[in-house]
Amino acid sequence: MVKRFIHLSLARQRLIRLLQNTNFGKIESLAFEGGEPVLEKSVRRQREVKFGSENGSRAEDCLADFELKQQVLELFDFFDEKRDGVIELLEVRNGLPFRMVIVECACC
């Protein structure tokens with residue numbers, strides 16, 4: 001398993017940068033195909049802004065390489081296992097995936 005940012009695909013690097021830039025908030029309608037996130041115009045981001053607080057990107061946003069956190073590894077494990085799908089809602093806290101809402105067929 002890839003555990004460093006620099007070794008990720010461009011699509012996964014872009015998703016991590018989106019998470020870091022969001023810092024606190026939600027990403028909606030995040031599709032993934034062949035285990036890779038698809039960032040396109042249908043993806044919506046809600047960013048939380050807290051008055052009297054720091055509201056910018058994470059410090060890691062400017063680093064060329066860093067070790068991936070466990071939450072990111074778990075999200076990528078989910079992509080690899082399911083291969084294709086849509087995450088209806090991905091909650092972001094401290095620039096990391098916190099929880100997700102997915103829709104699954106009840107008959108399976």
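All values below were derived from every heavy atom in this structure, side-chain atoms included, with hydrogens, water molecules and symmetry-related copies excluded.
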Following the transitive rule for hydrophobic clusters with a side-chain heavy-atom cut-off under 4.5 Å over Ile, Leu, Val, Met, Phe, Trp and Tyr, establish whether Phe98 and Ile16 coincide in one cluster. no

According to salt bridge (Lys or Arg N to Asp or Glu O under 4.0 Å), who are the partners of Arg99, at least two apart in sequence or on a separate chain? Glu91

Is there a side-chain contact between Ile102 and Leu89 in this structure, where contact means two heavy atoms from C-beta onward sitting under 4.5 Å apart? no

Check side-chain contact (heavy atoms from CB on, under 4.5 Å) between Val103 and all other residues, then give those that pass, not counting sequence neighbours. Glu88

Answer yes if Phe24 and Val92 sit in the same cluster of Ile, Leu, Val, Met, Phe, Trp and Tyr residues linked by side chain heavy atoms under 4.5 Å apart, and no otherwise. no

Please give the remaining members of the hydrophobic cluster of Ile6, linking ILVMFWY side chains under 4.5 Å, ordered by chain and number. none

Do you see a donor-acceptor pair shorter than 3.5 Å between the side chains of Arg93 and Asn23? no

Are Val2 and Phe5 in one and the same hydrophobic cluster, where Ile, Leu, Val, Met, Phe, Trp and Tyr link if side-chain heavy atoms are under 4.5 Å apart? yes

Does any pair with a residue in residues 39-59 pass ring-ring contact (aromatic ring centres under 6.0 Å, His included), and if so which ones, sequence neighbours excluded? none

Check side chain to side chain donor-acceptor pair (under 3.5 Å) between Arg83 and all other residues, then give those that pass, not counting sequence neighbours. none

Apply side chain to side chain donor-acceptor pair (under 3.5 Å) to Gln13 and list each qualifying residue two or more places apart in sequence or on a separate chain. none

Please enumerate all residues that pass side chain to side chain donor-acceptor pair (under 3.5 Å) together with Arg14, with sequence neighbours excluded. none

Please identify each residue that fulfils side chain to side chain donor-acceptor pair (under 3.5 Å) with Arg44, with sequence neighbours left out. Glu28

Same hydrophobic cluster for Val86 and Leu19, using side-chain heavy-atom links shorter than 4.5 Å among ILVMFWY? no

How far apart are the C-alpha atoms of Ile87 and Phe79, what are their side-chain angles, what is the distance that settles it, and do they pass the side-chain contact (heavy atoms from CB on, under 4.5 Å) test? CA-CA 10 Å; Ile87 297 173; Phe79 289 164; 3.7 Å; yes

How would you list, by chain and number, every residue that makes a salt bridge (Lys or Arg N to Asp or Glu O under 4.0 Å) with Glu48, sequence neighbours excluded? none

Just distance, no hydrogens or angles: give the donor-acceptor pairs under 3.5 Å from side chains in residues 66-78, sequence neighbours left out.
{"from": "Gln70", "atom 1": "NE2", "to": "Glu74", "atom 2": "OE2", "distance (Å)": "3.4"}

What donor-acceptor contacts under 3.5 angstrom involve side-chain atoms of residues 30-39, with partners at least two apart or in another chain?
{"from": "Glu36", "atom 1": "OE1", "to": "Ser9", "atom 2": "OG", "distance (Å)": "2.4"}
{"from": "Glu36", "atom 1": "OE2", "to": "Arg12", "atom 2": "NE", "distance (Å)": "3.3"}

